[in-house]
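This structure is a prediction, so every number in the text was calculated from the model and none was measured. Positions are given from 1 along the sequence.
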Amino acid sequence: MTTIKGLRWLVITLVAIATIINYIDRSALAVMWPGIASELGMDKRDYANIITVFLIGYAVGQSLFGKLFDALGTRIGFLLSIVVWSGAIALHFVARSAMSFGLFRVLLGVGEAGNWPGATKAIAEWFPVRERALGQGIFGAGASLGSVIAPPLVAFLYAYVGWKTTFLLIGALGFLWIVPWLIVYKSGPGSHPWVSAGEREYILTGQRPGAAAAQDDYVPTLRQLLRHRQSWSVIAARFFIDPVWWLFVSWLPLYLNERFHFDVKEIGMFAWVPYVGAAVGALSGGWLCGNLLARGWSVNRARKFVIALGLVVMAPALLLSAAAETPLLAVLSIGVILFGFQAAITNIQTLPSDFFSGKTVGSLAGLSGTSAVLGVIICMQLVPVLTTGGNYTPFFILGALLLPLVFVAIWLGGPVVRVQPKH
């Protein structure tokens, strides 16, 4: 029987590629917005509303796909998710108003949301505890790499084929991804025919840290899940930290346009730079946590240390960005912000698999993702008000004020150990 050495790394590579496509698709509208808005007569408030309805779909999709992944499995869950979002981004081809863009963005949001609980579940299935943060880091680097690729790629396509055909071309990427996914991801490691006996044993035995093994059969209902403070810790942390990332994913091109008068071509030249920092942060956060665990640190100590370190890096960079006078200084300082964000979020997104068994991970990841989107929606609606007259200083201060709340949420969740049922 054919086996593939290190099959888990091929699985996480496919998940990372899906995430790259995910971010190319969601970033395309922001990159092309100055041109689309000029052609169709739309303004910044229209953009904020389009992003908000996308996020509403995204919030619904997080919880919906969290349950679907637990019910249908990772293979089918990812297939459904990427079909929905790839079809939705291709449909942008026929959008002609803020309303039609909004309708297609809702569908895009529902589909794209599945990528996150799906990735968290795949990592929980295929990686032992000591490697999960690194797996999450590779997945997170996919989001950052997608944001690196999107501005120059989309700006190039926009220049040569226009915005309508650009949406069609990037929509095709997801349908191409389906082919290797269905070939490679036949099942989890316990029954996959290509997994070597050694790798299967390494993965499965490493998923039961010490005394936690006895709790692996605990599969709480939704009501029981919400009775645990650990669940609320993850939910609250995502509510406060995710808006920082989305402030830049959604508004960086418009910030460069309003603050430094960039057109679509110049946005393509500069907007990718901060996401290099994000990619490095995702891999560094995962590597550092895994290294600390290998040196004998507890999961609790290692996770919280790296999360706190990421938050500490972000705070001064947010304040520096508020005072940036040149586009180069602005994008470099934003790169530091996103470095710290990805180092922290890589470990925050690993917490569901630290607290619960694989049968519950997708549900908690989905709930926390929905919470994150609610926080983002609130902030998205504040941005047009905070940036009146092109002054983005309050925008950066808002991000800085959220960081202490993230740390408090993690701290109040208690030790990072497998949750035991309440009697």
Side-chain angles (χ1 to χ4, degrees), residues 5-9 11-13 15-16 119-120 122-142 144 189 196 198-216 230 233-234 237 241 277-315 317 336 338-358 361 365 403 406-420:
K5 184 177 181 180
L7 184 59
R8 66 191 185 282
W9 301 110
V11 169
I12 194 61
T13 298
V15 171
T120 301
I123 291 165
E125 289 175 344
W126 280 90
F127 286 83
V129 170
R130 63 184 296 177
E131 289 182 350
R132 281 179 183 167
L134 179 57
Q136 199 77 39
I138 294 171
F139 152 61
S144 304
S196 67
E199 184 177 16
R200 180 179 289 112
E201 181 179 3
Y202 174 73
I203 293 170
L204 298 181
T205 58
Q207 291 179 342
R208 301 187 173 194
Q215 302 304 327
D216 277 356
Q230 293 89 342
S233 171
V234 180
I241 196 171
V280 175
L283 294 172
S284 299
W287 172 84
L288 178 58
C289 189
N291 185 265
L292 294 175
L293 291 171
R295 289 167 56 184
W297 285 39
S298 67
V299 174
N300 176 64
R301 185 184 177 195
R303 293 272 191 264
K304 288 182 177 177
F305 175 80
V306 179
I307 291 169
L309 183 62
L311 298 176
V312 168
V313 167
M314 293 169 70
V336 175
L338 299 186
F339 172 93
F341 174 89
Q342 283 292 345
I345 197 68
T346 289
N347 286 275
I348 291 172
Q349 289 179 322
T350 308
L351 293 175
S353 60
D354 292 327
F355 289 139
F356 296 97
S357 73
V361 169
L403 302 184
V406 179
F407 183 78
V408 169
I410 294 297
W411 189 262
L412 292 178
V416 181
V417 295
R418 188 59 59 89
V419 172
Q420 299 184 19

Could you check whether any side-chain heavy atom of [X] comes within less than 4.5 Å of a side-chain heavy atom of [Y], counting everything from C-beta outward?
X      : Y      : result
Phe407 : Lys304 : no
Pro352 : Val234 : yes
Ile241 : Leu311 : yes
Ile138 : Thr13  : no
Leu292 : Val306 : yes
Ser284 : Phe339 : yes
Trp9   : Phe127 : yes

So does Trp411 have more than 12 non-hydrogen atoms from other groups sitting under 6.0 Å from CH2?
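No - once you tally the heavy atoms of other residues, nucleotides and ligands closer than 6.0 Å, there are 12 at most.
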
Any donor and acceptor pair, going by atom type alone, linking the side chain of [X] with main-chain N or O of [Y] inside 3.5 Å?
X      : Y      : answer
Gln342 : Gly285 : no
Arg130 : Leu293 : no
Ser196 : Lys5   : no
Thr346 : Ala343 : no

Between CD1 on residue Ile348 and OG on residue Ser233, distance to nearest 0.5 Å:
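Result: 8.5 Å between the selected atoms.
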
I'd like to know if Arg418 pairs up with Asp354 as an ion pair, taking the criterion as any Lys NZ or Arg NE/NH1/NH2 lying under 4.0 Å from an Asp or Glu carboxylate oxygen.
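Between Asp354 and Arg418 there is no salt bridge, as every charged N stays at least 4.0 Å from the carboxylate O atoms.
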
Can Glu199 and Arg8 be counted as an ion pair, charged N to O under 4.0 angstrom?
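Salt bridge: yes.
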
Quick one: closest heavy-atom pair of [X] and [Y], and the distance?
X      : Y      : result
Phe355 : Pro415 : CE2-O, 3.8 Å
Ala119 : Val15  : CB-CG1, 3.6 Å
Val129 : Arg303 : O-NH2, 3.9 Å
Glu131 : Tyr202 : OE2-OH, 2.8 Å
Ala344 : Gly310 : CB-CA, 4.3 Å
Gly137 : Leu283 : O-CD2, 3.9 Å

Please assess Thr120 against Thr350 for the test side-chain contact (heavy atoms from CB on, under 4.5 Å), listing each intermediate value before the final yes or no.
CA-CA 7 Å; Thr120 301; Thr350 308; over 6 Å; no

Might you work through the side-chain contact (heavy atoms from CB on, under 4.5 Å) test for Ile410 and Val416, ending with a clear yes or no?
CA-CA 9 Å; Ile410 294 297; Val416 181; over 6 Å; no

